[in-house]
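Numbering of ligands and ligand atoms starts at 1, following listing order. The first residue of the sequence shown is numbered 1, and numbering continues consecutively from there.
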Amino acid sequence: MNEWLKGILLKPGNSDLALGDWNVDGLFMFITWLCIGSFIFVMVPMFWWAFRYRRARGAGHMAAVRTPNHNTVLEVTWVVVPLLFMVVVFFWGFKGYMRGQIAKGNAEVINLEAYKWAWEPLYRNGASSGQQVYMDDRRTPGENGALVGKRGNNLFPVIAVPEKTPVKFIMKSRDVMHSFYIPDMRIKMDIFPNRYTSLTFVPQDAGGDLGNNDQAGAVTVTPGEIPGRDHYVFCAEYCGISHSEMAAVMRVMTPSNFDKALETWGDLYKGKNFAEVGAIVHARKCATCHSVDGSKNTGPTWKDAWGKMTPMAVGGSVMYDENYTREAILNPAARLHQGYPNQMPSFAGQLSDNEILGVIAYIRQLSGKTTDADKVPFPSK
Ligand code: HEC
Ligand SMILES: [Cu+2]
């Protein structure tokens, strides 16, 4: 009965917090049964008494009868008994909370920055997420090998974690409050500007041996695909208009694949030219707002944009060239594209001059105006 109800209410858990003693799932089910029990305990007598003491047919008006208004034994009982249940819930929950706070042994420390509207992990070797995926990708290869069918609109970063190894996330926000939420890991922690929060858990299922967890059908568009099992990550704190698109994919990898991912992601631009680096920058930092296929998003598309006169919000127009692009990246509010909100964060200090040249090369390429300079190998750092 318990397993049956649990199967309806919860996805299979995939971390030590879901599976261990004092686990989140156990407490969740305890509270669920407590609610069901108290519901029955209150509702059944209530309906029974309402029926039992109903006014008899044809009885007419009755004089009110004085009823007892005080019963010490009863009152102490209904205060103390629920209190005892609450004390159990408190210590059970507190124990679970501490398990999510105190890292076990040699935890893999991962820094995580949240911002409107994306996630950026930072690993021990300086690598960030090197993969972006579409969630719920239902495309299959059609003619010419091109993918056809339905998929989501947005790209989401992959956050890699090693299986069966304690991981510790140290989190901060670049702007407003967010919340790191992975339903099937049973973790959720708020993230603040000007303050760190942390949480720790042991991911369990890189081999997929713990049941149904292939939730996000992921397709990689950036180099270095490393396999693992994917789990949804959501922001659980309303943080502005694109809050609902602030998601990521947590990929649980075998420890050796995890090391491989860090190595590849630590040197993403190796062997790439400027336009290719621009495509990587786009996938990692700009794809949530700028499409490359002509579709309108929070920001204007980059397809066929280069070299055109671009209408400005204040009237008039500006040539879409190197200087306009650079200014739009470093100081987006300076000249707004007509019909678009002032929603772009400044990337000053976050993109190197060469990366900006990469973006310029990429936008040129998307407009069919590639120059030789765009094919120059990108200097490794
Ligand atoms: C949160 C959404 C968002 C993100 C992320 C974002 N942009 Fe923008 N961007 C916009 C919006 C909205 C505009 C139009 C308003 C404006 O001109 O600032 C814009 C305008 C631009 C323009 C001017 C284009 C035009 O048609 O006028 C460029 C160039 C640009 N962004 C580059 C980038 C690059 C490069 C990145 C990633 C490093 C990026 N943007 C990330 C929202 C975003
Ligand atoms: Cu958020």
Check: Thr371 main-chain N/O paired with Asp374 side-chain donor or acceptor under 3.5 Å: yes
Hydrophobic cluster identity match, Val79 and Leu74, side-chain contacts under 4.5 Å: yes
Closest approach of any protein heavy atom to atom 29 (C) of ligand 1, naming residue and atom: Tyr320 OH, 3.5 Å
The Cu ion (ligand 2) - closest N/O/S atom in His178: ND1
Taking every non-hydrogen atom, the tightest pair across Ala287 and Asn297: O-ND2, 4.2 Å
Contacting atoms of ligand 1, where contact means under 4.0 angstrom from a heavy atom of Ile329: 32 (C), 35 (C)
Minimum-distance pair of heavy atoms, taken over all atoms of Asp190 and Thr197: O-OG1, 2.7 Å
Option whose closest heavy atom lies nearest to atom 4 (C) of ligand 1, chosen from Gly299, Cys289, Pro332, Pro341: Cys289
Identity and distance of the protein heavy atom lying nearest atom 42 (C) of ligand 1: Met344 CB, 3.4 Å
His290 N/O to ligand 1 N/O under 3.5 Å: yes
Leu17 CG to Arg186 CZ distance, which is reported to the nearest 0.5 Å: 9.5 Å
Any donor-acceptor pair under 3.5 Å from Asn273 side chain to Phe378 backbone: no
Interfacing atoms of ligand 1 (cut-off 4.0 Å, heavy-atom, Tyr340): 14 (C), 15 (C)
Mode of Trp302 contact toward ligand 1 - side chain, backbone, both, neither (heavy atoms, under 4.0 Å): side chain
Donor-acceptor pair between Ser295 and Asp293 side chains, under 3.5 angstrom: yes
Which residue and heavy atom of the protein sit nearest atom 13 (C) of ligand 1, plus the separation: Pro300 CD, 3.5 Å
Ala328, Cys286, Pro311: member with heavy atom nearest to atom 34 (C) of ligand 1: Cys286
Residue, atom name and distance, where the atom is the protein heavy atom closest to atom 41 (C) of ligand 1: Phe347 CE1, 3.5 Å
Atoms of ligand 1 close to Val359 [distance to a heavy atom under 4.0 angstrom, numbered from 1]: 35 (C)
Non-hydrogen atoms of Val202 and Thr165 that approach each other most closely: CG1-N, 3.6 Å
Under 3.5 Å: N/O of Val281 near N/O of ligand 1: no
Any Ala305 heavy atom less than 4.0 Å to ligand 1: no
Closest protein heavy atom (residue, atom, distance) for atom 16 (C) of ligand 1: Leu336 CD2, 3.5 Å
Three-point angle Cys239:SG, the Cu ion (ligand 2), Met246:SD, rounded to the nearest 10°: 100°
Heavy-atom closest pair, residues Lys168 and Ala107: CB-CB, 4.1 Å
Where ligand 1 meets Leu351 - atom numbers and elements under 4.0 angstrom, heavy-atom basis: 38 (C)
Thr310-Ser317 side chain donor-acceptor pair, cut-off 3.5 Å: no
Distance-only N or O hit between ligand 1 and Asn342, under 3.5 Å: no
Arg335 to ligand 1, any heavy atom closer than 4.0 Å: yes
N or O contact, Tyr324 vs ligand 1, cut-off under 3.5 Å: yes
Geometric cation-pi criterion Lys296 and Tyr340, 6.0 Å radius, 45° cone: yes
Top protein contact for atom 17 (O) of ligand 1, by heavy-atom distance: His337 N, 3.1 Å
Any donor-acceptor N or O pair under 3.5 Å, side chains Gln204, Arg229: no
Sub-6.0 Å ring centroid separation between Phe234 and Tyr232: yes
